[in-house]
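Right, one structure below, let's go through it.
Only this structure's heavy atoms are used, side chains among them; waters, hydrogens and symmetry mates stay out. Here, residue 1 is the first one in the sequence, and each next residue gets the next number.
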Amino acid sequence: MTSSMLRGRPRRATSHISVRVAHAVLGGAIGVVWLVLPSMTSGDDDPVAIKNPAPGASAAATADDGRSTVDLVLPLVAVGAAGAAAGYGYVRRVRRARTRTTPGGTVGAPAAAPSSPSLPSSPSPAPSPSATPRAPDGQAGAALVEADDRVRAARAELAFAEPLCTAQELEPFRRAVDEAAAELAAAFRMRQRYDEGVPAGEEARGHALAGIVGRCEEAVRRLDAVAGEFGRLRGLDRGAQDALEAAESRFRELTGRTGAADTVLAGLARRYAPTATASVTGNVEQAKDRLLFATMRLNQARQSADAGRPERAARHLRAAEGAVAQAAVFVEGVDRLAAELRSAERTVPAALTGAEAELAHAGRRASPRPGAPPEVTHPAAPPDATAALAHADAVLGSVRQELTGGRPWDPVDVLRRIVRATSPVASGRAGVLPAAALVTARSAVGAAADFIATHRGVVGATARTRLAEARRLLASGDPADRQPAEDLALEARELAERDVRAHGNPYPAAADGAQGTAGTGGAVLGGIVPADDPGNGAPAGFAGTARPAAAPPAPTT
């Protein structure tokens, strides 16, 4: 097997070493020849004996001895120089290989640090990698997801406690949830600005990420501070009989509403185009899936309560409550969409009339009659509105054809097209257009909120951030914020769907080998139960979800 050193060294390194060795051998050979050559030449002549050397002869002998010494020293110096050059080249090559940073380094090179996962991309301007460390970025995203899940779970559990507790008893916990939600909203706002490139400096961006984490930790801390008292108020660990009856009552009510929602959805599909109901396609099936999971957990909670195991009963009950709450989101989403489509259908004729009036007014501004007094131009109107007017006129013409074609159509989409085509040239005189923009923005925000709430087990921080910003803009009441709110909501829904597709099947194999337990996959997808132990792990609630147990500390000697 080839060693890691040989695998890491490039092939040309071997050729460099061979050259160095060849130089050393050549230098040694030259030195040997130089040493041997004098003896070879002097051996051909007969020696001459000199008994009484004269002074001149003695001087000549001394000179000959000097030349002999030089003849011996120079080859040795040449051999040493060649060897030193070869050794220096070899050492330099080894050092270079050990300190290299390109792939395929040798043994002893420092291992590259693994990169932390990045968040889903979005059309918003992303900060440069050099200015934003990935580890703090990922930490901020994880903190946002955790805090958002905690606030959502706390609100859902509060709703189940309302039938059994007084408003005065629940007031401290509502206040804690509201305070945590305010901290979370500030963190989401900071994250949105961060994604937009604000602040710009490297150090300031690091402080922004730290601020996001701090806000999220404060939100979680406020819930932790009252979680124990809320658990004692509910008293599920002592007995869940009353809570079980309340959950079963809501379960039965929601089962009937699910059948009605199926009927409503079928009627919407017959009346409107497929795009009109695309946001709630599959809602009824997913509601039934959550109710199936709730049925199983309610039965297990009842059995555990009868067997005198209140803690186990409480765990199953809380999982059932989470499933019932998400089933309600699916059902209410169908009812809300039906109301939005009816409202949009009533608004379309007035919006079309108002848009045509806006186009006529914009046309007069763009081409005033000779001698007519100049009209005040709306600040939002472009100086040259010819292209925008042509586009808006074409959109309104297609809308009129669609309305008179006798085929199913999508009222919300029609309103959206009218508003978007007219807004570049609108002067604000037609008050129906801002109302139409409010209808479409609310529809987009509601659809994104429902999807993220029922798939929060796998939806990341970026989609949640866009949704939070869309809600903030919609709540401002400023008509200018409605279209940006709608755009952000549509982006949030798209990012959330991408997260769900990328995650795949959220339900892992159980420890006992069982798979496909009724409704468990949807419960994991919805963040109701933890993915690592859906059967026995603590479900989401006021106190949060269960975390993996920490490893015991190593024994000290």
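In summary, Glu157 and Arg152 do not engage in a salt bridge, as defined by a charged side-chain N under 4.0 Å from a carboxylate O. Salt bridge absent: Arg472 and Asp481 never bring a charged side-chain N and a carboxylate O closer than 4.0 Å. The pair Arg400-Glu356 meets the salt-bridge criterion, with a side-chain N (NZ, NE, NH1 or NH2) lying under 4.0 Å from an Asp/Glu carboxylate O. Salt bridge status for Arg221 with Glu218: present, with a side-chain N to carboxylate O gap under 4.0 Å. By the 4.0 Å N-to-carboxylate-O rule, Arg416 lies too far from Asp410 to be salt-bridged with it. Contact check on Arg456 versus Asp148 returns no salt bridge, with no Lys/Arg side-chain nitrogen under 4.0 Å from an Asp/Glu carboxylate oxygen. Residues Arg150 and Glu146 are not paired through a salt bridge, judged by the lack of any N-O separation under 4.0 Å between the basic side chain and the carboxylate. Salt bridge Arg174/Asp178: absent, no basic N to carboxylate O contact under 4.0 Å. Salt bridge annotation for Arg417-Glu402: present, with a cationic side-chain nitrogen under 4.0 angstrom from a carboxylate oxygen.
In this structure, Ser279 and Leu337 have side chains that are in contact, with non-hydrogen atoms separated by less than 4.5 Å. Phe451 places a side-chain heavy atom less than 4.5 Å from the side chain of Glu497.
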Discussion item. Assess the residue pair Gln286 and His455 against the criterion (side-chain contact (heavy atoms from CB on, under 4.5 Å)); give the C-alpha distance rounded to whole Å, side-chain angles, the decisive distance to 0.1 Å, and a yes or no.
Written reply: CA-CA 11 Å; Gln286 293 190 70; His455 298 81; 3.5 Å; yes

Item to complete: Starting from the C-alpha separation in whole Å, work towards a yes-or-no answer on side-chain contact (heavy atoms from CB on, under 4.5 Å) for Glu217 and Ile212.
Response: CA-CA 9 Å; Glu217 290 176 347; Ile212 293 170; over 6 Å; no

Worksheet entry | side-chain contact (heavy atoms from CB on, under 4.5 Å) between Arg271 and Glu345, intermediate numbers included | CA-CA 11 Å; Arg271 181 177 179 85; Glu345 191 173 11; 2.9 Å; yes

Worksheet item: Going through the distances and angles, do Val331 and Asn283 end up as a side-chain contact (heavy atoms from CB on, under 4.5 Å)?
Response: CA-CA 7 Å; Val331 171; Asn283 270 32; over 6 Å; no

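In this view, Arg215 and Glu183 satisfy the side-chain hydrogen bond (donor to acceptor under 3.5 Å, both in side chains) rule, not counting sequence neighbours. Shown here are the ring pair (Phe, Tyr, Trp, His ring centres under 6.0 Å) partners of Phe173, two or more places apart in sequence or in another chain: Phe230. In this view, Arg270 and Ala266 satisfy the side chain to side chain contact (heavy atoms under 4.5 Å, CB included) rule, not counting sequence neighbours.
Remark: Arg290 is not positioned above the aromatic ring of Phe330, lacking an NZ or CZ atom under 6.0 angstrom from the ring centre and at most 45 degrees off the axis. Remark: Arg250 qualifies as a cation-pi partner of Phe160 under the 6.0 Å distance and 45° angle criteria applied to the six-membered ring.
Exactly one residue among Leu291, Leu292, Val284 makes a side chain to side chain contact (heavy atoms under 4.5 Å, CB included) with Lys288. That residue is Val284.
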